[in-house]
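Reviewing the structure listed below.
Whatever order the structure lists them in is the order used to number ligands and atoms, beginning at 1.
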Amino acid sequence: MAKKHTELFRNSIPMIASENLLSPLARELMVTDLHNRYAEGLPGERYYQGNEFVDLIELKVQELAKKLFRANYADVRPVSGTNANMGVLFALTKPGDMITVPGVAAGAHISSAKFGAVGLRGLQPIEYPFDVEEMNLDIDGTIKVIKEVRPKLALFGQSVYLFPTPLKEFRDAFEEVGSHVWYDAAHVAGLIAGGKFQDPLREGVEVMTMSTHKTLPGPQHGMIVANPRDEKTERKLIYGVFPGVLSNHHLNAMAALGVALAEHIQFGERYAEQIVRNSKALGQALYERGFKVLAEKKGFTESHTLVVDVREHGGGKFAAEALEEAYIIVNKNLLPWDDVNTALDPSGLRLGTQELTRIGMKENDMQDVAEFMKRVVIDKEDPKKVGEDVKAFKEDFQAIHYCFKEGTRMYDYEELVDL
Ligand SMILES: *Cc1c(COP(=O)(O)O)cnc(C)c1O
């Protein structure tokens, strides 16, 4: 099955907006002895012996993170984005506190919902209003919510992300209220670090969390970077992560993250720029073929993500499943006006171009991708037949780019052990 899975992705056009490919050097570090070890606490203050070089690695990865995000503080221990978020919630709130969050319609992540980590911490989340025309938070409404709720912590950042959050417009409001301002950059960390999209730490944000495997193409791990307002806040953040929400921090992934950060320092700007170009090109190409791509008037997107309304073509469930049969991997997604109860058959699709960019696709390749999608979703051609063409097209995109050892082929699946 593991072989089959690898073969599937070798043949597919992968467009899940939260996924990416590990570079060859980062992948090597994932299977070193680091994987077998434990390290709890901070470099120089460990609970176990054997951590001499782990400490040096951790300090190095911290330095790379601070450099890439121009931050005073970095914690590279969280084992996922959600884990990083839980660390911040543990550090900066107490049960019963108010927190303001992007809403479900805005494409919020489960960790900021009542039924996710925010609820687990016993917090009361209050949602900002969403402006469907702009596909962004409603500016006046959000300012009003911050001023009225006076939250201990104000969270920004979503999982469906077309345009930068207007943080500068909110800045006066959260400075007046004195909230800690937290930006969840899980999806857009690689764009931010590449100098695209926005720069939250320069726009009034104190703490930024992220997954390190979406547009930042590292190992599945998490990270916090921050400019804490004082030493007390910094200490709270440190203890929020450990002992707050983890013990060991997956040392192989932490080391691989160091490689990904070093690579992004060198290649990130070019990579981020091409991602955004590709998503705009894909938006335009789909639109020209009759797809209802959201935010057409605003150029479809400023990020790696596109959202497409496919209700008239059979709905999100039909489209996503038919595309999967044609080796095109996307996810169905709620649109802002969908009822939450229709999550299993929503009106939309969410597409991401970060992985296509990573394997070397450029704007003109987006025409081919759009055409394959049209044949399946609009023309209702036999997906199996389209799939054969997709497989042939994918033959030319088997190497990883924007990394050291650029051009290394990604999968040698014939040699894999199987499960
Ligand atoms: C993906 C995501 C996360 C964290 O995901 P993990 O799978 O735990 O790394 C957190 N917040 C947002 C907005 C996300 O999209």
Among all the protein's non-hydrogen atoms, which is closest to [atom], and how far away is it?
atom	value
atom 15 (O) of ligand 1	Ser159 OG, 2.7 Å
atom 5 (O) of ligand 1	Ser211 OG, 3.4 Å
atom 11 (N) of ligand 1	Asp184 OD2, 2.5 Å

Using 0.5 Å steps for rounding, measure from the NE2 atom of His250 to the CE atom of Met30.
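The CE atom of Met30 is 9.5 Å from NE2 of His250, to the nearest 0.5 Å.
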side-chain contact (heavy atoms from CB on, under 4.5 Å) assessment of Glu302 paired with Lys280:
CA-CA 7 Å; Glu302 293 292 332; Lys280 284 175 183 286; 3.1 Å; yes
Atom indices of ligand 1, in the order listed, that fall short of 4.0 Å to a heavy atom of Gly81:
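Once the distances to Gly81 are compared, the set is 4 (C), 6 (P), 8 (O), 9 (O).
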What are the atoms of ligand 1, with element, lying closer than 4.0 Å to any heavy atom of Asn85?
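This gives 10 (C), 11 (N) as the contact atoms.
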Taking heavy atoms and a distance under 4.0 Å, where does Thr82 meet ligand 1: side chain, backbone, both or neither?
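Both of them.
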Once you restrict to heavy atoms under 4.0 Å, what part of Asn83 touches ligand 1? Side chain, backbone, both or neither.
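No part of Asn83 comes within reach of ligand 1.
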Passing candidate, side-chain hydrogen bond (donor to acceptor under 3.5 Å, both in side chains) with Ser347, options Asp309, Asp339, Asp338
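So, applying the side-chain hydrogen bond (donor to acceptor under 3.5 Å, both in side chains) to Ser347 and each of Asp309, Asp339, Asp338, only Asp338 qualifies.
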Compare Lys214, Met86, His213, His187 and give the one whose heavy atom is closest to atom 2 (C) of ligand 1.
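It is Lys214 whose heavy atom sits nearest to atom 2 (C) of ligand 1.
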Salt bridge Arg358-Glu19, side-chain N to carboxylate O under 4.0 Å:
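No.
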Side-chain donor or acceptor of Gln220 paired with backbone N/O of His213 under 3.5 Å:
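Side chain of Gln220 to backbone of His213: no pair is present.
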Does NZ belonging to Lys298 count more than 12 external heavy atoms closer than 6.0 Å?
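Yes, because the 6.0 Å sphere around NZ of Lys298 holds more than 12 heavy atoms from other groups.
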